[in-house]
Number of protein chains: 2
Amino acid sequence: MNVNLKQLAEMLGLSQTTVSRALNGYPEVNAETRQRVLSAVRETGYRPNRAAQRLATGRAGSIGLVMPIAQGIDSDVHFGEFLAGLGEESVRHDFHFVINPSAPEDEEATFKRLAASGNVDALFLAYVRANDPRIAMLKSLSIPFVVHGRAIEQPADYPFLDIDNTAAFYDAARLLIQLGHRRIALINGPANLTFSIRRKKGMQRALEENGLPFDESLSQHSLMTDEYGHRAMQQFLERDEPPTAVLCSSTVIALGAVRAINKVGLQLGTDISLIAHDDVLPMLKPENFSVPLTTTRSSLRAAGSRIAARLISRIMKTGDYPDQELWRAELIVRASTGPAPKS
Amino acid sequence: MNVNLKQLAEMLGLSQTTVSRALNGYPEVNAETRQRVLSAVRETGYRPNRAAQRLATGRAGSIGLVMPIAQGIDSDVHFGEFLAGLGEESVRHDFHFVINPSAPEDEEATFKRLAASGNVDALFLAYVRANDPRIAMLKSLSIPFVVHGRAIEQPADYPFLDIDNTAAFYDAARLLIQLGHRRIALINGPANLTFSIRRKKGMQRALEENGLPFDESLSQHSLMTDEYGHRAMQQFLERDEPPTAVLCSSTVIALGAVRAINKVGLQLGTDISLIAHDDVLPMLKPENFSVPLTTTRSSLRAAGSRIAARLISRIMKTGDYPDQELWRAELIVRASTGPAPKS
DNA sequence: TAGCAAACTCAAAGCGCTTTGAATTTCGAG
DNA sequence: CTCGAAATTCAAAGCGCTTTGAGTTTGCTA
């Protein structure tokens, strides 16, 4: 039998007001009284009824999530990992989710409906596209939100958390160039997503700075799956002058790429170098590859957790996090990169 | 500005009671009145405040989900797909989730805490293990739940949704036997999960019935990843007498297995046959493999959706679904199976 | 020792819905 | 017509919490 506020207050010989205030950290409550309340809570196992809190405060205590279900989106692996982070943090604050699986064409409507329903007090957007209309829409919605990623060619005047994709792939490409590679291929994520665009730009910049051309035919966009990675790499390897190095936008893509490399009998790290972006998926660790992969690393789960923290802090008006964060990915060198082979 | 019940009732010149009843389908309300209410709802865009509903009814309107985060669990791909189904159905009834990422050793505690918190009114359990103590625990918790899968060697006296894994792999193995295969390998999921155990049993039964031995050394358990699939298949192919056919517990495993097969230059469907279980993952379709895969098919997303429907119906005490369901997987023959090669 | 601000505590009014128990209408039978 | 049952509708009491506005104490100052 769970106690409620009223009973707790009676037990303590206090009013509900005081107990409530003691629990919610209001200053106008005697330190000693607060201690009494706190220990009573511990004894009785009192847990405030969330529905009542929500009703009283007008806060829904939940975050709206639009889960992409399109085939073209790498919803599965990466989304799951991100969600774990989000969930981890949310549960700590007793926040709920409203998960809306939605096809891309319905997403805007889904967001609107969610916001209008009053059943969530924050929204979250991911898989940002080049000039994403959803961001403007979210801004107009007068409900807190955080974007995972950020748009291109739009003022970044909204809350976001992104990794510096440009820098990550700039660093990766530069390493390869320093190792003597001249023909570097890119197996990227979907062409319309901003992280793909930025990664390509980072690579281009590194090439330019070193007076090297960027060969469009050595750049492919694909879904973030093993299969597409394999296919893309295969095509690259069939060329007259195959690349001596390749950048992959995900370890999942790298999985397929490595497979294609092995198939033609090339030795990874010797005959051909590979750097992949590592989202730190527990199921696919770069160090577990038969030749451990050099990667640009940034944990997707950490990002999820951080976004939840920011969203919740915004809702509860507690603490303050920066409104915009750009995380730097670490470049971690393992065995899949080596000097360009003498040609 | 959203209207609330009170305002709506005033507009209609009715009491809140009547409007509420009209909306919730109570019989004692005049058909004509109900129509008036309904059209007023449409005009005003009235949406009941869920927090108030929850408080008044005592129902939390949300489902507790323990999300496995262990490395050993195929949380990612399969869980994501399942979740999409769950979300799809839940959102239709305006139900929330409480997602608790949790390591296996903490799962029981997590469930207990969830149930005790009163913030969820149903729980959901997946990744059932052989003699799973969590089921008994759930039964003791006096909160509705549905198990995805079912235990072994325990009375199945609890609500579950499972697929007939035994039958699926029995069917698959029998097909291979009919095609003349004698050495059939199995690349299964984790050894402690019930679906793995049943699939193995199904295969064993098919062999027995045809007077064939089951070769333990041709059976492997692994994580449901490409990598492990590849490794397992590779080992099988290195044997003196490699198998002429293989069953895979997931298309993800099959991905790796096919890779290993290609690597040694064998032709799938001719030199060696393969049947995989297909959870209908949008990112990995058996028909997209270079040699389309014969599969036992059962949609994970459909299962998620169904479980949500059952859970919600139980909570709302509407409609009635069977308490226990055993879905039959379909055996779909494609090009990856063929007659056993003459030896 | 009075007087007042500061420090605490409290009663009561919602938050928006469901639901109980009673009141009012409507209607067919007598 | 009249009356009781059936059909509708209603007022009001919660659900458990937060928060406003108003006490009550306490601690100093003068």
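Order of the sequence lines sets the chain letters (A, B, ...), proteins ahead of strands, with each chain counted from 1. Atoms considered below: every heavy atom in the structure, side chains included; atoms not considered: hydrogens, waters and symmetry mates.
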Query raised in the report: Any cation-pi pair here, A/Arg150 with A/Phe160, using under 6.0 Å and within 45°?
Result: yes
Query raised in the report: When all nucleic acid strands are considered with a 4.0 Å heavy-atom cut-off, which category describes A/Thr57: base, sugar-phosphate, or nothing?
Result: sugar-phosphate
Query - Candidate nucleotides D/dC10, D/dG16, C/dC17, ranked by approach to the side chain of B/Ser15 - the nearest - result: D/dC10
Requested in this report: Please find out if less than 6.0 Å separates the ring center of A/Phe97 from that of B/His96.
Outcome: no
Query raised in the report: Is B/Gln53 near enough to C/dG16 that one of its side-chain N or O atoms lies under 4.0 angstrom from OP1 or OP2?
Result: no
Report summary line: Assert: residue with more 5' nearest nucleotide on DNA chain C, out of A/Gln16 and A/Asn30, is A/Asn30
Query raised in the report: Phosphate oxygens OP1/OP2 of D/dA7: is one of them under 4.0 Å from a side-chain N or O of B/Tyr26?
Result: no
Query - Whole-Å gap separating C1' (D/dA11) and CD (B/Glu10) - result: 14 Å
Query raised in the report: Is there a side-chain polar atom (N or O) of A/Asn24 under 4.0 Å from OP1 or OP2 of D/dT18?
Result: yes
Report task. Let me know the distance between CG of A/Leu55 and C1' of C/dT18, rounded to the nearest Å. Result -> 12 Å
Report summary line: Separation of D/dC17 atom P from A/Arg47 atom CZ, nearest Å, is 12 Å
Query raised in the report: What integer distance in Å separates B/Leu23:CG from C/dT18:C1'?
Result: 12 Å
Requested in this report: Mind checking A/Glu28 for me? I need base, sugar-phosphate or nothing, with any heavy atom below 4.0 Å counting as a touch.
Outcome: base
Report task. Tell me whether the OP1 or OP2 atom of C/dT9 has a side-chain N or O from A/Thr33 closer than 4.0 Å. Result -> yes
Report task. Answer yes or no: are there more than 12 heavy-atom neighbours, outside A/Lys6 itself, under 6.0 Å from its atom NZ? Result -> no
Query raised in the report: Do B/Phe124 and B/Phe82 have their ring centres less than 6.0 Å from each other?
Result: yes
Requested in this report: Flag the pair A/Glu108 and A/Arg134 as a salt bridge only when some basic side-chain nitrogen lies within less than 4.0 angstrom of an acidic carboxylate oxygen.
Outcome: no
Query raised in the report: To the nearest Å, how far apart are A/Arg36 CZ and C/dT9 P?
Result: 9 Å
Report task. Rounded to the nearest angstrom, tell me the gap between atom CG in B/Asn4 and atom P in C/dG16. Result -> 5 Å
Query raised in the report: Atom CZ of B/Arg59 and atom C1' of D/dG16: how far apart are they, to the nearest Å?
Result: 17 Å
Report task. Go through D/dC10, C/dG16, C/dT19 for me and flag the one nearest to the B/Leu14 side chain. Result -> D/dC10
Query raised in the report: Does the base of D/dT8 carry an N or O that pairs as donor and acceptor with the side chain of B/Thr18 under 3.5 Å?
Result: no
Query raised in the report: Whole Å only: how far is the NZ atom of B/Lys6 from the P atom of C/dA13?
Result: 14 Å
Query raised in the report: Where the side chain of A/Ala56 is concerned, which of D/dC17, C/dT18, C/dC17 is the nearest nucleotide?
Result: D/dC17
Report task. Measure distances between side-chain N and O atoms of A/Thr17 and base N and O atoms of D/dT19, and say whether any donor-acceptor pair falls under 3.5 Å. Result -> yes
